[in-house]
Amino acid sequence: MLHVLAGLLLVSLCAAAVPDPPKGVVGARKYATNLHDCNGAVAFSSAGALAPTKEDAGKLSFRSALADKGIGWSRESGEFTCFCPGLYQFAFAGSGKTAATRFVLKKKPSNSDAWTTVVSTGGGGGANIALLDMEVGDQTAIWLEDGEIAPESDNAPVSTFSGVRIAKKQ
């Protein structure tokens with residue numbers, strides 16, 4: 001009987017040692033298999049933004065992944081969720097149909113519902129880059145604030161979103 005109780009206690013301690021994924025996490029399918037794999041590269045790059053739907057409220061998703069190393073990127077939702085804290089570099093580009101088109105990098109802190117603007121392109125589109133300190137559960141995404149996306153080509157997409165961790169959190 002003592003062995004059974006000790007076994008149950010060990011199982012419950014092991015289960016308690018694995019943290020729950022942050023609220024609103026995307027990429028959870030990779031989270032389960034790479035729970036403690038923050039030693040390697042964390043980088044992603046996608047191209048070919050899809051026009052946002054009303055449900056997306058302007059957030060862009062992407063047709064293809066050019067690179068996806070580590071965990072946290074979902075091209076389908078267009079969101080990067082940080083599982084490996086550190087300093088990240090994010091870059092994005094897009095072209096618009098009109099001079100009013102603006103692309104915006106937004107960040108949502110862990111366990112928050114509010115997306116805040118970090119940086120945007122000028123009218124008509126363009127490109128931008130930013131360094132962000134990311135904690136576990138923080139998210140980033142690209143939004144179409146105004147205007148319309150220029151037509152995408154399969155041979156040469158006009159929109160991209162990339163991120164890479166450049167320094168681990170100490």
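Sequence positions, counted from 1, serve as the residue numbers for this chain.
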J.: Look only at the side chain of Arg75 and the backbone of Arg63, and say whether a donor-acceptor pair between them is shorter than 3.5 Å.
T.: yes
J.: Students often mix this up, so state it plainly: with edges at 30° and 60°, are the rings of Phe161 and Phe44 parallel, tilted or perpendicular?
T.: perpendicular
J.: Under 3.5 Å, is there a donor-acceptor pair between the side chain of Lys108 and the main chain of Asp138?
T.: no
J.: Between NZ of Lys69 and OG of Ser45, what distance do you get to the nearest 0.5 Å?
T.: 12.0 Å
J.: For Val118 versus Ala130, what's the shortest heavy-atom pair and its separation?
T.: CG1-CB, 4.3 Å
J.: Taking Thr121 for its side chain and Phe103 for its backbone only, find out whether a donor-acceptor pair lies under 3.5 Å.
T.: yes
J.: With rounding to the nearest 0.5 angstrom, report the NZ to SG distance, Lys169 to Cys82.
T.: 9.0 Å
J.: Got a donor-acceptor contact below 3.5 angstrom from the Glu152 side chain to the Val158 backbone?
T.: yes
J.: So, Asn128 side chain and Ser120 main chain: donor-acceptor pair closer than 3.5 Å or not?
T.: yes
J.: Partners of Ala127 by side-chain contact (heavy atoms from CB on, under 4.5 Å), sequence neighbours excluded?
T.: Ala93
J.: Quick check against the 3.5 Å criterion: does Thr160 have a side-chain atom that pairs as donor or acceptor with the backbone of Phe92?
T.: no
J.: Does the Lys NZ or Arg CZ of Lys106 fall within the cation-pi geometry relative to Trp143 - under 6.0 Å from the ring centre and within 45° of the axis?
T.: yes
J.: Going by the rule side chain to side chain donor-acceptor pair (under 3.5 Å), which residues pair with Gln89 if we only count those two or more places apart in sequence or in a different chain?
T.: none
J.: Is Thr117 reaching over with its side chain to a backbone N or O of Val119, donor-acceptor style, under 3.5 angstrom?
T.: no
J.: Is a side-chain N or O of Arg165 found less than 3.5 angstrom from the main chain of Gly40, in a donor-acceptor match?
T.: yes
